[in-house]
Amino acid sequence: MKKTILSLAAAAGIILTGCTSIEATQNFNGLACGTPTEKATCQILIQIPGYYFLGLPIITGDLADGKLTFFTYTQTTDNAVWMVTKEAKSKGATRLINQHIVMNETFVPFPFISKKTLIVSATGVRSRNAAVRQARDSYDREP
């Protein structure tokens, strides 16, 4: 009976944890976001969830979108910044502004278990010079 309850709790934990999620949009509905000299290219939101037993990681989101990892502490500021900069570069941004990192912690009904979620939000921007340089490089690479 104890093994069954423990297995169901573990399965529920895996299902309820969720995976790392990376969401990015380049749709600003015609609003001028960014700075006076730079144009926003993307808005990025990253969430890395995890379950902990007495502060030790059990299940956490991996450093890839939609992945899980076991017994590894992945919810660090270094990992969050690496993920957001990687996503911003893939969307053509050359700089990040309005970067915000938050760690939320909630306790679940099981004793000594807590759920933490690292949330990162940032706006990727690109200057006019960088946009011209990227367009020129792209044009030069074409056959």
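Since we're looking at a predicted model, the values are computed, not measured.
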> Sequence neighbours excluded, which residues qualify as side-chain contact (heavy atoms from CB on, under 4.5 Å) partners of F107?
Replying inline: E105, S114

> Cluster question for you: counting only ILVMFWY and a side-chain heavy-atom cut-off of under 4.5 Å, with indirect links fine, are L56 and F112 together?
Replying inline: no

> For D137, which residues count as a side-chain contact (heavy atoms from CB on, under 4.5 Å) partner, sequence neighbours excluded?
Replying inline: R133, R141

>> Applying side-chain hydrogen bond (donor to acceptor under 3.5 Å, both in side chains), can you list everything that pairs with T77, at least two apart in sequence or on another chain?
In response: none

>> Do I101 and I97 land in one hydrophobic cluster if side-chain heavy atoms of ILVMFWY residues count as linked below 4.5 Å?
In response: no

>> According to a hydrophobic-cluster definition based on side-chain heavy atoms being under 4.5 Å apart (Ile, Leu, Val, Met, Phe, Trp, Tyr only), do V102 and L118 belong together?
In response: no

>> Using every non-hydrogen atom in the two residues, find where R126 and G92 come nearest and quote the distance to one decimal.
In response: CD-O, 3.3 Å

> How many angstroms lie between CZ in F53 and CD1 in I59, if you round to the nearest 0.5 Å?
Replying inline: 13.5 Å

Please tabulate, for the side chains in residues 40-47, all donor-acceptor contacts under 3.5 angstrom to protein atoms that are two or more places apart in sequence or on a different chain.
from : atom 1 : to   : atom 2 : distance (Å)
T41  : OG1    : G124 : O      : 3.2
Q43  : OE1    : T123 : OG1    : 2.5
Q43  : NE2    : S121 : OG     : 3.0
Q43  : NE2    : A122 : O      : 3.1

> Considering residues at least two apart in sequence or located in another chain, which fulfil the salt bridge (Lys or Arg N to Asp or Glu O under 4.0 Å) criterion with K91?
Replying inline: E87

> Between I119 and T117, does a side chain to side chain contact (heavy atoms under 4.5 Å, CB included) hold up when you go through it step by step?
Replying inline: CA-CA 6 Å; I119 302 169; T117 305; 3.9 Å; yes

> Are any of the side-chain heavy atoms of F71 and P57 separated by less than 4.5 Å?
Replying inline: no

> By side-chain hydrogen bond (donor to acceptor under 3.5 Å, both in side chains), which residues pair with S90, not counting sequence neighbours?
Replying inline: none

> salt bridge (charged side-chain N to carboxylate O under 4.0 Å, His left out): which pairs involve residues 68-80, sequence neighbours left out?
Replying inline: none

> Roughly how far apart are Q75 CD and M103 CE, rounded to 0.5 Å?
Replying inline: 4.5 Å

> T74: what forms a side-chain hydrogen bond (donor to acceptor under 3.5 Å, both in side chains) with it, not counting sequence neighbours?
Replying inline: T60

> Restricting to pairs with a member in residues 29-47, which pass salt bridge (charged side-chain N to carboxylate O under 4.0 Å, His left out), not counting sequence neighbours?
Replying inline: E38-R95

>> Within this structure, what is the CD1-OH distance for the pair I58 and Y52, rounded to the nearest 0.5 Å?
In response: 10.0 Å

>> Can you give me the closest heavy-atom contact between L96 and A88, atom names plus distance?
In response: CD2-CB, 3.6 Å

>> A side-chain contact here means heavy atoms from C-beta on lying under 4.5 Å apart; do I48 and M83 qualify?
In response: yes

